[in-house]
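Here the structure is a predicted model, which is why all the values come from computation and not from measurement.
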Amino acid sequence: MSAVTKTLKLRLAKPNSHKERKLCETRKAYQQALQAAFDAECTTQSATNDVVVEYDLSGYAKNALKQYVPQLCGDSYDANELHDDHPVKFTNDGVQLDHKPENGIEWYVKIPHHEDYHLWIPAHANPDQREWLEAVYADDAEMGESRLFERDGTWYLHVTATRDVEVQSETSADERTPIGVDIGEASLVTVCHRDESKSPVRPNLWADDGKTVRRLRKTYFTATRRLQRRSSERIAESYGDALWGQIDDVFHCVTREVVEYAESVENPLLVLEDLTYIRENMDYGEYMNRRLHGWGFAKLHAQIRYKAAEKGIPVETVNPRNTSKACHACGEHGYRPRQATFRCSNDDCWVSEYQADVNGAINIADRYRSGESHCRSVRTSRQKASDNDSTTDGASLTGPQDSHADAETQQETRGTYAS
Ligand SMILES: [Zn+2]
């Protein structure tokens with residue numbers, strides 16, 4: 001195990017004028033306290049405390065000053081550097097994180113204002129740091145100091161976080177066993193891999209969990225709508241939070257089991273579908289947007305990633321195109337007579353019917369094996385440019401082309417969202 005620390009960068013949504021004023025007050029009080037303690041040449045925590053105690057600041061900001069000022073005064077620090085936009089620091093636990101994946105802006109941060117008073121503000125996260133935020137939110141990473149600052153009218157919060165990760169072993173990518181991870185509607189997650197003789201083995205479906213999540217989501221959408229109609233916004237919100245908390249529990253349980261599955265395979269490597277293809281290159285409209293945000297596709301990915309990292313299991317992504325349409329045995333495109341069934345259209349193929357999610361998971365694993373994902377060099381992408389399934393094709397996709405948007409899937413699940 002080794003501890004890794006990262007700075008998580010959050011951009012706060014434009015606060016309303018009340019909250020903006022509070023943020024400015026905090027910044028002003030912090031800077032005044034910092035300047036005063038610096039001018040008083042406080043070289044100890046207690047000396048700093050005597051100065052900053054007077055200011056209308058949270059304990060977290062005061063404690064940060066107590067740690068910070070003695071360092072400044074101990075070194076030959078240039079007072080000019082105490083310029084106006086010095087970030088406001090908070091000690092760990094001052095800032096809190098909340099996650100509401102059902103909302104347009106998913107993350108919320110609690111920023112201490114002064115004693116017993118704080119502000120909750122929605123915040124935009126860097127998509128690449130999602131797994132870290134998930135880890136912090138799940139208490140699997142430890143939050144350190146945070147810094148609040150404003151640049152050109154926009155407020156930012158930078159949070160340091162630390163977590164233990166297993167150092168990945170030296171096993172080369174070629175020696176690893178790719179495990180395909182398919183996230184779907186019917187089965188929440190499906191995993192499968194091929195054994196040494198290349199036969200698909202040990203398919204595992206989390207179908208009951210898919211059912212549980214569907215039920216919770218349905219309850220969420222119908223109940224919150226009903227409560228909102230009765231203008232019980234606050235009840236709707238707390239009820240919604242409770243339901244999302246339950247969905248999150250299911251997600252944590254399933255993603256832990258996915259990583260346990262991987263641990264039981266020799267030299268495992270988890271292969272996920274690349275979300276960027278879906279996010280950036282396609283406009284799926286309301287149905288898919290809801291699915292991507294609300295359903296928790298990204299949330300599941302992030303949890304798998306950080307839990308795998310804790311165990312030293314590498315995670316790679318592949319282009320999701322057609323992973324559920326192609327037959328894992330012959331590569332021909334098939335169809336789904338029923339949601340859970342894949343039927344190969346190739347008469348010569350031994351596969352007539354196959355569990356659809358397992359077929360998808362094997363395709364995802366195979367796509368990694370075919371070398372698409374782990375060689376992103378220019379040379380490789382040129383080589384691949386002539387292949388049908390090359391990574392470069394992703395950009396040209398214009399509509400729902402994989403299982404997650406199959407017509408029958410939409411049909412079956414639309415009832416959950418509509419009405
Ligand atoms: Zn086939």
Side-chain angles (χ1 to χ4, degrees), residues 101 127-128 130-131 134 176 178-194 200 203-206 210 251 254-255 258-259 261-262 268-284 287-308 313-328 331 333 336 342 355-376 384 387-406 409:
D128 294 341
R130 190 183 183 104
E131 55 173 302
E134 291 281 357
R176 294 209 172 257
I179 301 165
V181 180
D182 183 75
I183 291 171
E185 298 273 354
S187 171
L188 185 60
V189 178
T190 304
V191 296
C192 195
H193 67 281
R194 290 181 186 268
N204 204 343
L205 292 91
W206 281 265
F251 282 6
V254 170
T255 52
V258 168
V259 173
Y261 175 102
L269 179 147
L270 286 163
V271 188
L272 305 173
E273 293 174 295
D274 191 341
L275 291 174
T276 56
Y277 283 102
I278 298 168
R279 279 214 203 106
E280 291 167 10
N281 298 326
M282 301 174 199
D283 180 14
Y284 277 113
Y287 164 75
M288 271 309 272
N289 284 336
R290 243 192 205 153
R291 182 173 174 276
L292 289 171
H293 294 291
W295 185 257
F297 200 94
K299 203 169 165 59
L300 283 163
H301 272 199
Q303 289 186 4
I304 290 169
R305 280 178 176 280
Y306 90 76
K307 286 173 192 183
I313 298 169
V315 177
E316 296 285 350
T317 55
V318 293
N319 186 340
R321 191 184 184 193
N322 292 332
T323 46
S324 63
K325 284 200 165 169
C327 169
H328 74 274
H333 283 195
R336 288 186 173 199
F342 173 86
Q355 210 292 331
D357 297 311
V358 177
N359 182 62
I362 304 166
N363 281 332
I364 292 167
D366 288 353
R367 188 155 297 183
Y368 175 80
R369 214 190 267 282
S370 73
E372 186 194 275
S373 123
H374 53 110
C375 311
R376 284 184 189 258
K384 288 257 156 196
D387 296 358
N388 277 338
D389 259 331
S390 91
T391 51
T392 52
D393 279 359
S396 65
L397 294 183
T398 50
Q401 302 215 358
D402 77 352
S403 71
H404 307 307
D406 279 350
T409 313

- Query: Looking at Val271 and Pro178, what are the two nearest heavy atoms and their distance?
  - Reply: CG2-CB, 3.8 Å
- Message: Using side-chain heavy atoms (C-beta onward) and a distance below 4.5 Å, is His193 in contact with Pro200?
- Response: no
- Query: Ala302 and Glu131: which non-hydrogen atoms are nearest, and at how many Å?
  - Reply: O-CB, 3.5 Å
- CZ on Arg369 to CZ on Arg176, rounded to 0.5 Å: 13.0 Å
- When every non-hydrogen atom of Tyr261 is compared with those of Cys192, the smallest separation belongs to OH-CA, 3.8 Å
- With no hydrogens and no angle check, is any side-chain donor or acceptor of Asp274 less than 3.5 Å from a backbone partner on Pro320? no
- Task: State, to 0.1 Å, how close Ile179 and Ala262 come at their nearest heavy-atom pair, and which atoms those are.
- Result: CD1-CA, 3.7 Å
- Task: Kindly say whether Trp206 contributes a backbone atom to a donor-acceptor pair with the side chain of Ser187 at under 3.5 angstrom?
- Result: yes
- Task: Quick one: pull up OG1 in Thr317 and CG in Leu270 and give me the separation to the nearest 0.5 Å.
- Result: 12.0 Å
- Taking the side chain as every heavy atom from C-beta outward, state whether Cys327 and Phe342 have any pair of such atoms under 4.5 Å apart. yes
- Item | Validation row: Val315, Val181 side chains within 4.5 angstrom (heavy atoms) | no
- Query: Atom OG1 of Thr190 and atom CD1 of Ile362: how far apart are they, to the nearest 0.5 Å?
  - Reply: 10.5 Å
- Message: I need the Tyr368 OH to Glu316 CD distance, nearest 0.5 Å.
- Response: 5.0 Å
- Message: Within the structure provided, determine whether Ile183 and His301 are in side-chain contact (heavy-atom separation under 4.5 Å).
- Response: yes
- Item | Beyond-backbone contact of Lys325 with Arg336, side-chain heavy atoms, under 4.5 angstrom | no
- Query: Does Thr255 reach the side chain of Lys299, with side-chain heavy atoms less than 4.5 Å apart?
  - Reply: no
- Message: Looking at Arg194 and Ala365, would you say the former's side chain and the latter's main chain have a donor-acceptor pair under 3.5 Å?
- Response: no
- Item | Note, Glu273 side chain near Asp182 side chain (heavy atom, < 4.5 Å) | yes
- How many angstroms lie between atom CD of Glu134 and atom CG of Leu300, to the nearest 0.5 angstrom? 9.0 Å
- Query: Is it true that a side-chain atom of Asp357 and a backbone atom of Leu205 form a donor plus acceptor pair closer than 3.5 Å?
  - Reply: no
- Between Arg367 and Arg321, is any pair of side-chain heavy atoms under 4.5 Å apart? yes
- Task: Report the residue from Thr323, Asn363, Val358 that forms a side-chain contact (heavy atoms from CB on, under 4.5 Å) with His328.
- Result: Asn363
